[in-house]
J.: 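Right, I'll just put the structure down here and ask away after.
First listed ligand is number 1; within each ligand, the first listed atom is number 1. These numbers come from the heavy atoms of this one structure, side chains and all, not from hydrogens, waters or symmetry mates.
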Amino acid sequence: MTPYDAAHSQGSNVLTDGFGRTVTYLRVSVTDRCDLRCVYCMSEHMTFLPKAEVLTLEELDRIASAFVGLGVKKLRITGGEPLVRKNVMGFIEGLSRHLRSGALQELTLTTNGTQLEQFARPLAEAGVRRINVSLDTLKPELFRRLTRGGEIARVLAGIDAAQAAGLKVKINAVALKDDNAAELPELIRWAHGRGLAVTLIETMPMGEIDADRTDQYLSLSALRAELESFWTLRELPLTTGGPARYVEVAETGGQLGFITPLSHNFCEACNRVRLTCTGTLHTCLGREDAADLRAVLRGGGSASDLVDAIRMAVDTKPKGHDFHIERTLPPAVARHMSTTGG
Ligand code: SAM
Ligand code: SF4
C-alpha cells in the first residue's frame, strides 16, 4: 500500500452522484496513440497529444488508486491502444495490488489485440482474468482497410495466446452497414465456436473522422431482428450497469451483447466514469462535462484534494447523454473515442 492508497482509504468509500447512482467502474485511457487507424475511430492523419499533456504512469496510478479507495470495484484499461504505451505492464502490475488487497474485484483491458501475443501471459500473471478484443471482420483484406493497414494474423495469434494463458476473451465488433453487416453472423459463429463471447457496438458520433458516419450507421435493432430470423436469442439477466444487453444464441450456446447507445437510453443504471490519458474525468461518455484531475495533481494537490475533486465531479454526473447522428450536425462529442477510451 502506498501513502496515497492509505490516504484514500480513510473516510467514506462510496462514490454516489446527484441522482443516487453509485460509481463502481472506472475506465482509464492510458494513451491516445494507436498502431491502427480504424476508420470509425480515427482520421487517417491523426494529430496525437504532446507527451507533456499525457499523465505519467505514476500519475495515472494515483488517480486510479484514489477511485479504488472510493469504492470503485472494476478498472478497465483502454486507450488508444493500451498495449502500445511504454511500460504499461508495470502500470497494470502495480494496480494488481488492489486485487490482492481485495479492494478491487476486476482489472481488465480493452485492446485491438495486435500486441497480445507478447502480453497475454504477463496480463494473466498480473491477475487479469478477462479482456475485450476488438475485431470487426475475419477477412484479412477488409481488416486491413477498416484498420488502415492492420494485419489480422497478429490479432488472431493474440487471441490464441490469450486463450492459452487462460484469459476469457470477448470480441467487440462495431456494426458497419456496408462493411461488415453481412458478415456478422459468420463472425459470431466463429467466435462462439471458439468459446468467445461477442458484443456488437453501434457506431457512436465521437470526434471528426474522414468518412460520413451516417453512411456507416447500422441500427442493432434491425440487425437483431435479422439474426432472429435464423437464430433463437434468449435474453440473459446479465447487466454490467452499461449500455449492453445480453442474449444467448441457442444454436451456438454462445453469448451475444448489443451496445446501443443511440437507440436506447441506458443512463438510469449507469455506474461508470472515464478518465482520459490527460487526466480529464468524464462522468458521461456522451457529454462534454469534465473535471481536470491533472490540474489537481500538477498543482501540488494532496491526496484529499484529489478525492474532493473526484467527489465534486461525480456529484454532478449528468442524468443522461446527448448523442445524435443527424447528417447536418457536427459530432455530439468532439473528442475521439481513442482519447476518452471506449
Ligand atoms: N484500441 C483498443 C481497441 O480497439 O479495442 C481500445 C480503445 S477503442 C477506442 C475501444 C472500443 O471503441 C473498440 O471496440 C472500438 O471498436 C470502439 N470504437 C471506437 N470508435 C468508435 C465509435 N465511433 N463508435 C463506436 N465504437 C467505437
Ligand atoms: Fe486504435 Fe482501437 Fe481506435 Fe481502432 S478502435 S483506431 S484500434 S484505438
J.: Salt bridge or not for Glu248 and Arg234, using N-O below 4.0 Å?
T.: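 Looking at Arg234 together with Glu248, the answer is yes, because their closest N to O distance falls below 4.0 Å.
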J.: Looking at every heavy atom in both Leu95 and Leu75, which two are closest together, and how far apart are they?
T.: CD1-CD1, 4.0 Å
J.: Tell me which one of Ser134, Cys38, Gly80 gets a heavy atom nearest to atom 6 (C) of ligand 1.
T.: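 Answer by nearest heavy atom: Gly80.
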J.: State the atoms of ligand 1, each with its element, that fall below the 4.0 Å cut-off from a heavy-atom position in Gly79.
T.: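 Taking each heavy atom of Gly79 in turn, ligand 1 has 7 (C), 9 (C) under 4.0 Å.
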J.: Considering both backbone and side-chain atoms of Thr111, is one of its nitrogen or oxygen atoms within less than 3.5 Å of a nitrogen or oxygen in ligand 1?
T.: yes
J.: Counting C-beta onward and ignoring hydrogens, is there a side-chain heavy-atom pair between Val72 and Thr24 closer than 4.5 Å?
T.: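 No; the side chains remain at least 4.5 Å from each other.
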J.: Tell me, please: is Ser134 in heavy-atom contact with ligand 2, that is, under 4.0 Å?
T.: no
J.: Of the non-hydrogen atoms in Thr108 and Val128, which two are nearest, and what is the gap between them?
T.: CA-CG1, 4.4 Å
J.: Could you pull out, from Leu83, Val174, Thr31, Leu146, the option with a heavy atom nearest to atom 17 (C) of ligand 1?
T.: Val174
J.: Would Arg224 pass as a cation-pi partner of Phe258, given that its NZ or CZ must be under 6.0 Å from the six-membered ring centre and within 45 degrees of the axis?
T.: yes
J.: Count the heavy atoms of every other residue, nucleotide or ligand shown that sit under 6.0 Å from CZ of Arg130, and state whether that count exceeds 12.
T.: no
J.: What atoms of ligand 1 come within less than 4.0 Å of a heavy atom belonging to Thr203?
T.: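 Those atoms are 24 (N), 25 (C).
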J.: Near Cys41, which atoms of ligand 1 are under 4.0 Å from a heavy atom of that residue?
T.: 19 (C), 20 (N)
J.: Which one holds for Asn172 and ligand 1: side chain close, backbone close, both close, or neither close, with close meaning a heavy atom under 4.0 Å?
T.: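 Just the side chain.
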J.: At the 4.0 Å heavy-atom cut-off, does Glu202 count as touching ligand 1?
T.: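 Under 4.0 Å: yes for Glu202.
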J.: Spell out, yes or no, whether Val84 and Leu116 are grouped together once hydrophobic residues are joined by side-chain heavy atoms under 4.5 Å, including indirect joins.
T.: no
J.: Ignoring hydrogens, what is the shortest heavy-atom contact between Val39 and Arg145? Give both atom names and the distance.
T.: CG1-O, 3.9 Å
J.: Would you say Asp136 and ligand 1 have an N/O pair spaced under 3.5 Å apart?
T.: no
J.: With atoms numbered from 1 as shown, which atoms in ligand 2 lie under 4.0 angstrom from a non-hydrogen atom of Gly80?
T.: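 This gives 8 (S) as the contact atoms.
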J.: Is there at least one pair of N or O atoms, one from Thr78 and one from ligand 1, spaced under 3.5 Å apart?
T.: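 No, Thr78 has no N/O under 3.5 Å of an N/O on ligand 1.
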J.: For the hydrophobic clusters of this structure (ILVMFWY residues joined by side-chain heavy atoms under 4.5 Å, transitively), does one cluster hold both Leu233 and Leu223?
T.: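 Linked, Leu233 and Leu223 end up in one cluster.
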J.: What part of Cys38, side chain from CB on, backbone N/CA/C/O, both or neither, has a heavy atom under 4.0 Å from ligand 2?
T.: both
